[in-house]
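For reference, the structure is listed below as structure tokens.
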There are 2 protein chains.
Amino acid sequence: MLKRNPSLTDQAKSTIKSRIVNDEYVNGRIPSEAILADELQVSRTTIRDALSRLENEGAIYRKQGAGTFVNQPGLQIKTRLEEIWSYEDVIAAHGYTPSTQILAVRREMARKETAVSLQIDPTDDIIRIEKLFLADDQPVILAHNHFAAELLPDSYDDDNFHAPIYEIFEENGRQQLTYYLSEIVPAIASPQLAQILHIQSNTPLLSFNEIGYNANNNPILKSISYFRDDLLRLRLIRRKSN
Amino acid sequence: MLKRNPSLTDQAKSTIKSRIVNDEYVNGRIPSEAILADELQVSRTTIRDALSRLENEGAIYRKQGAGTFVNQPGLQIKTRLEEIWSYEDVIAAHGYTPSTQILAVRREMARKETAVSLQIDPTDDIIRIEKLFLADDQPVILAHNHFAAELLPDSYDDDNFHAPIYEIFEENGRQQLTYYLSEIVPAIASPQLAQILHIQSNTPLLSFNEIGYNANNNPILKSISYFRDDLLRLRLIRRKSN
DNA sequence: TAGTGGTCTAGACCACAAA
DNA sequence: TTGTGGTCTAGACCACTAG
């Protein structure tokens, strides 16, 4: 029934996921692994991989001896912080149409702290981009991105930077952003920030300090950003780690 | 070499983890899966499970065709939000000694909103606990916990509540807390909060709104808490979801 | 007791990286 | 080309839940 590539696991996962979303399982009970394996003509291992990933995403839960079930509360959360990728995705997941404004692009010497974070020579140039994200034309996130100048071609203009950062890296720098290590910090809107985000001064904000890593686990991006909390709500699932 | 229970995967994982921590792998290169399987006398599948979990924790990374490597930046992060369990653990992971103060314990009728969150009847009683967490005797987290009164025995006194909430549930309510669904909200210290946490009014704070679920996926705990950001830094890893 | 998910095995083949 | 991790299989046995 299924073909290779995308992997059988991926296909099994999305098949099951769509059945869940379409409410095809009465009482939220998902067929046993053996039945699913038989039905989709794959091994039980493949089904188990698919179910494990759905469980991680919060879409289902399993009880040994009892069965596998749809997890309604988990299904409703569409913006899980651990899985969110670009800010465009965050905005879209909340049901808004994302757009961007480039407020500034600078080529400059790295500050010492930035050079350390990015493991580059302090005399090397970096690119600093100040980018505003809008949800249905309301400003919601202000991001400052820093990365080594050598990751970009010599000539560029501001319009290049409307695309998500990870796309820019993939196209120009032959680098793939694979994960972020993020620090969550509470902040208060300064008068300047308040003006940019169209909010009142001293409004509480969330700030993210993040380092983005490539496939070789080298830091390639430093990002500091500020979120308007009234439009975007950040959620995550916290589990026992074992 | 390894015995059953804890599972072979768990044992393989902790064996490999401790070797990583002890810096036994030169140049951060971890032996191939085949070699590890042979050495620990388990199947390659078991080794792969163990490595997958270490990869999820950020301790290692894998490159198809190249090998498996220690992830130094990931190793240094000891307080990953997605994996953190009780607030005691958060505090301990930051290197402090955790302790608690019970500020208030009340038995009262559920507010409508709380009843909805916990899926209980609005006329049912809930227990509300106000608990202060201290790191080396400095107040750092204020938590308000709400749960159905029936989860507790009829008689109790305040001292019962010094233990982590999940322990209380396991012992008295025969309920196991399996995961939290958490919402992160920026806040500002009110005069009252400032006094409790020994900080200045209007200091930015992180607030968590959380619902805790049991093994049957029913909500059993509602928690609202406030973090001092100067002593505790919350981190997480954000990945592409596929 | 029957049926479910949890763990584990041995082995096959594929995709990719590095020499 | 060699060796690595990635995917997948078929089958065994265990631990647990529920009727």
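Nothing here was measured: the structure is a model prediction, and the numbers come from that model. Throughout, a chain's letter reflects where its sequence line sits, starting with A, and its residues are numbered from 1.
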| Upstream residue (5' side of DNA chain C) when A:R44 and A:N216 are each assigned their closest nucleotide | A:R44

| message | Between A:T68 and C:dG5, is there a contact of a side-chain N or O with OP1 or OP2 at under 4.0 Å? | response | yes

| OP1 or OP2 of C:dC8 sitting under 4.0 Å from any side-chain N/O of B:T9? | yes

| request: Side chain of B:E33 only, please: which of C:dG6, D:dG5, C:dC8 is the nearest? | output: D:dG5

| Rounding to a whole Å, what distance do you find between B:L40:CG and C:dA10:C1'? | 17 Å

| Sub-6.0 Å ring centroid separation between B:Y87 and B:F227 | yes

| task | Please test A:I220 against A:L118 for side-chain contact (heavy atoms from CB on, under 4.5 Å), starting from the C-alpha separation and ending with a verdict. | result | CA-CA 6 Å; A:I220 55 174; A:L118 295 177; 5.8 Å; no

| request: Identify which nucleotide among D:dC8, D:dG6, D:dT4 has an atom closest to any side-chain atom of A:S43, counting heavy atoms from C-beta outward. | output: D:dC8

| remark: Checking N1-N3 plus N6-O4 or O6-N4 for Watson-Crick, or N1-O2 and O6-N3 for wobble, each under 3.5 Å, the partner of D:dG19 is none

| query | Can you tell me how far C1' of D:dC16 sits from CD of B:Q176, to the nearest Å? | reply | 14 Å

| In whole angstroms, how far is the P atom of D:dT4 from the CD1 atom of B:I60? | 15 Å

| Taking atom C1' of D:dG5 as reference, at what distance in whole Å does atom CZ of B:R29 sit? | 11 Å

| Hey, mind stepping through A:R62 and A:T68 against side-chain contact (heavy atoms from CB on, under 4.5 Å) and telling me if it holds? | CA-CA 4 Å; A:R62 306 197 266 193; A:T68 305; 3.8 Å; yes

| message | Run the side-chain hydrogen bond (donor to acceptor under 3.5 Å, both in side chains) test on A:T46 and A:S43 for me, step by step, so that the C-alpha distance in whole Å, both residues' side-chain angles and the decisive distance to 0.1 Å come before the verdict. | response | CA-CA 5 Å; A:T46 301; A:S43 74; 3.3 Å; yes

| request: Identify, between B:A66 and A:G65, the residue whose nearest nucleotide on DNA chain C lies closer to the 5' end. | output: A:G65

| What does A:T45 touch in the nucleic acid at a heavy-atom separation under 4.0 angstrom: a base, only the sugar-phosphate, or nothing? | base

| request: Give a yes or no on whether the ring-centroid distance for A:Y180 and A:Y213 is below 6.0 angstrom. | output: no

| Taking only N and O in the side chain of A:T46, is any of them less than 4.0 Å away from OP1 or OP2 of D:dT9? | yes

| request: Let me know the distance between CG of B:L8 and P of C:dT7, rounded to the nearest Å. | output: 11 Å

| request: May I ask you to evaluate whether A:R62 reaches the phosphate of C:dG6, defined as a side-chain N or O under 4.0 Å from OP1 or OP2? | output: yes

| query | Given D:dG5, is OP1 or OP2 found less than 4.0 Å from the side-chain N or O atoms of B:R48? | reply | no

| Within this structure, what is the CG-to-P distance between A:D38 and D:dC8, rounded to whole angstrom? | 18 Å

| query | Tell me: CD of B:Q64 to P of D:dC8, nearest whole Å? | reply | 12 Å

| remark: Taken to the nearest whole Å, CZ/A:F69 to C1'/C:dT4 is 9 Å

